[in-house]
Amino acid sequence: MLDIKLIRENPDFVKERLSTRDESYVSVIDRVLEIDTRRREMVKSIDSLRAERNERSKLFLVYKKEGRDVSEIQRRVHQIGEEISSLNKELEEIEREFNYLLLTVPNLPAKDVPIGKDENDNIEIRRWGKPREFDFTPIPHYEIGEKLSILDFERGAKISGSRFTVMYKEAARLERALINFMLDIHTKEHNYTEVWTPALVKPDILQGTGQLPKFKEDLYKVEEEDLYLIPTAEVTLTNLHADEILSEEQLPLYYTAYTPCFRKEAGSHGKDVRGILRQHQFDKVELVKIVKPQDSYSELEKMVNEAEKILQLLEIPYRVVLLCTGDMGFPASKTYDIEVWIPSQNRYREISSCSNTEDFQARRAKIRYKDKDGRNHFVHTLNGSGLAVGRTLIAIMENYQRPDGTFYIPEVLRKYM
RNA sequence: GGAGAGGUGGCUGAGUGGUCGAAAGCGGCUUCCUGCUAAGAAGUUGUGCGGGGUAAAACCUGCACCGAGGGUUCGAAUCCCUCCCUCUCCGCCA
């Protein structure tokens, strides 16, 4: 959520930044400003009516003690009460729209984010490793998995539908090994605190990180319960401190968690239908940082390095891409994607996304810290995949495949198998 | 799921219709005194939204908030209703 004061005081700046994502936000901001003015006028008159009511209620007591007639006060206070409640009804409506609009406006892109429309305008920052030269034609992971009988798409579809897969033996073990490996690296080498979280959360938690109210279509909801399945552990980890005022000494906080993630993948029909690249349920090891504002951009760079470290240890080629304004997620002010080399597709595919949301999520989730002078500020929050486990599995199967249809397990993972 | 108890400020804990944003203690902060493996005294110490003020603060001021939402009342932390959560016992259960 953007700071309404920023919108009020620098509307042109806000519009300029938002229009790098989409022109249509300009009119939304105008509407926000319009409603904000009305809102404040109403709050003002309601507050002064309340002040009057408080005043008269005190008088009431005094009169009563003095034995004077109080019926006039009674009448007036009652009348004020009715005026307040009718104004309140109006205000509620205004605030409903105001809040909805504010909650559906995305974060402002940072100044150094390239302006662009879609992924074609992203900027490659660096590459690591050289794609292997095969002396045979590499096959996709789903063919490898089916031949080895370790990936079962038919039965996945039978028991759960499309975009669900069953894994056996080496695939299942590798999945588990990767989770442990990633968590170990992040906790032991990068100083993250390991966390285990619920996978079902309340709606206001999803509002805190930005999935609600705008992206409801992509979330699974439990019927008859006001609970949603998390699309990422970013949701639970970031909201750990929702509604809290942290002390300055507590910062920075680094959290990592393995959780399953659930996404409806609405709007990606026909995309990546084969294999386990895009599933309704997948595993991810997530990284979340809660930091002081002045540190958030250096922490972002560090976080990308920490995610990269996993691929380096696995010795799988990848590249780092800086997303352009049009390709960035809703709460992000700056995002780096890590894309891993997929031989069967002869290209890099996203395996991690690391974002600084500045105070966008902190403001929604009300995560603040008190500085040395006793003043409260919103923290900055960052999140990144460290990494998507299923996609790492794909990368291993494909990059380390042998001509006989088997594949090699990277050295660092052997002790986990 | 059933029965009972309870949800108050950073913590403990008073408060059953007005003078309560809320006693007291602890903790935190500031100052003073003393002087040395710290003790004492005084003051101060919640959050949010408005208005005024400032270069920005400080500061002044209005309103709201005592689990959440509704209701009764001239007036609610205090009474009523609904919901949520915690604890104890029983049941069930990985």
Side-chain angles (χ1 to χ4, degrees), chain A residues 1-10 32-103 196-208 212 222 224-228 236 239-251 253 260 293-294 359 361-379:
Chain A
M1 190 161 64
L2 298 181
D3 184 359
I4 183 61
K5 285 175 190 149
L6 177 72
I7 298 177
R8 275 208 290 259
E9 285 156 25
N10 294 297
V32 167
L33 286 165
E34 196 182 315
I35 301 177
D36 180 52
T37 307
R38 276 188 69 198
R39 190 186 122 259
R40 279 194 293 165
E41 280 165 4
M42 294 215 57
V43 167
K44 217 167 154 182
S45 42
I46 290 173
D47 276 3
S48 64
L49 279 172
R50 282 179 170 149
E52 187 186 342
R53 179 169 67 181
N54 292 343
E55 195 77 13
R56 303 226 178 194
S57 285
K58 275 178 204 155
L59 253 191
F60 180 94
L61 252 196
V62 176
Y63 275 38
K64 197 94 190 181
K65 269 183 200 152
E66 292 173 354
R68 293 167 67 177
D69 178 32
V70 293
S71 59
E72 178 55 26
I73 296 181
Q74 247 172 11
R75 201 195 51 76
R76 175 62 186 149
V77 173
H78 182 77
Q79 185 195 351
I80 292 173
E82 285 182 344
E83 280 177 48
I84 289 175
S85 65
S86 98
L87 282 175
N88 249 336
K89 254 185 216 146
E90 210 179 315
L91 179 64
E92 264 172 43
E93 239 169 82
I94 290 170
E95 290 203 311
R96 202 171 309 130
E97 186 184 354
F98 180 73
N99 290 331
Y100 182 78
L101 286 179
L102 268 191
L103 286 170
W196 185 93
T197 79
L200 292 172
V201 292
K202 303 178 193 174
D204 51 307
I205 295 305
L206 286 155
Q207 183 175 296
L212 286 180
V222 180
E224 319 244 327
E225 299 269 348
D226 211 7
L227 291 172
Y228 293 82
T236 46
N239 279 292
L240 245 27
H241 296 289
D243 281 308
E244 290 184 19
I245 300 177
L246 303 162
S247 68
E248 191 168 349
E249 301 79 63
Q250 283 177 272
L251 302 177
L253 289 164
Q294 62 269 30
D359 64 3
Q361 292 180 325
R363 181 167 276 114
R364 289 174 163 244
K366 300 188 184 68
I367 311 172
R368 290 160 292 176
Y369 77 98
K370 198 177 276 295
D371 70 17
K372 298 259 187 323
D373 300 322
R375 300 168 58 87
N376 296 334
H377 309 274
F378 286 111
V379 298

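Every heavy atom of this structure was used, including side-chain atoms; hydrogens, water molecules and symmetry mates were not. Chain A is the first sequence line, chain B the second, and so forth, proteins listed ahead of strands; every chain is numbered from 1.
Base pairing analysis places B/C74 opposite B/G18; the two distances defining the Watson-Crick or G-U wobble pair are each below 3.5 Å. Judged by Watson-Crick or G-U wobble contacts below 3.5 Å, the nucleotide B/G10 has B/C26 as its partner. The partner of B/A94 is absent, by the rule that a Watson-Crick or G-U pair needs both atom distances under 3.5 Å. The partner of B/A41, taking Watson-Crick or G-U wobble pairs whose two distances both stay under 3.5 Å, is B/U31. Base pairing of B/A3: its partner is B/U88, meeting the Watson-Crick or G-U wobble criterion (both donor-acceptor distances under 3.5 Å). Under the Watson-Crick or G-U wobble criterion, with both distances below 3.5 Å, B/C36 has no partner in any strand shown. Remark: B/C65 base-pairs with B/G46. Criterion, Watson-Crick or G-U wobble with two distances under 3.5 Å.
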Could you run down nucleotides 43-58 of chain B 5' to 3' and tag each one B, S or - for protein heavy-atom contact under 4.0 Å?
----SSSSS-----SS
Contact string for nucleotides 65-76 of chain B, one letter per nucleotide 5' to 3', B = base within protein heavy-atom range under 4.0 Å, S = sugar-phosphate only, - = neither, reads ---------BS-
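When atom types are taken as modelled, the side chain of A/D204 and the backbone of A/Q207 share no donor-acceptor pair closer than 3.5 angstrom. Here the side chain of A/D36 pairs no donor or acceptor atom with the backbone of A/V32 at under 3.5 angstrom. Here the side chain of A/D359 pairs no donor or acceptor atom with the backbone of A/R363 at under 3.5 angstrom.
Side-chain N/O atoms of A/H78 and A/E82 include a donor and acceptor closer than 3.5 Å. Using a 3.5 Å distance cut-off with no hydrogens or angles, the side chains of A/Q361 and A/R364 do not pair a donor with an acceptor.
If you take atom P in B/U34 and the same atom in B/A41, they sit 16 Å apart, rounded to whole Å. With P as the reference atom, B/A23 and B/C11 are 15 Å apart, rounded to whole Å. The gap from the P atom of B/C85 to that of B/A68 amounts to 15 Å, rounded to the nearest Å. Comparing the C1' positions of B/U54 and B/C60 gives an interatomic distance of 12 Å, to the nearest angstrom. B/G69 and B/U78: their P atoms are spaced 13 Å apart (whole Å). One P atom belongs to B/A76, the other to B/G21, and the distance between them is 12 Å to the nearest Å. Comparing B/G13 with B/U8, their P atoms are spaced 9 Å from each other, to the whole Å. Distance check on atom P: B/G9 versus B/U47 gives 13 Å, rounded to whole Å.
Note that OH of A/Y369 and CZ of A/R375 are 10.5 Å apart. Values are rounded to the nearest 0.5 Å. We find the OH-CD1 distance between A/Y100 and A/I35 to be 12.5 Å, quoted to the nearest 0.5 Å. Here A/L253 contributes atom CG and A/I367 contributes atom CD1; the two are 9.5 Å apart, rounded to the nearest 0.5 Å.
The environment of A/E55 atom CD is sparse: at most 12 non-hydrogen atoms of other residues, nucleotides or ligands sit within 6.0 angstrom. Around CZ of A/R38, the count of heavy atoms belonging to other residues, nucleotides or ligands within 6.0 Å does not exceed 12.
In this structure, A/L61 and A/R50 both approach RNA chain B, and ranking their closest nucleotides by distance from the 5' end singles out A/L61.
Whole-Å rounding puts the A/Q250 CD to B/G28 C1' distance at 14 Å. The distance from atom NZ of A/K65 to atom C1' of B/U19 is 7 Å, rounded to the nearest whole Å.
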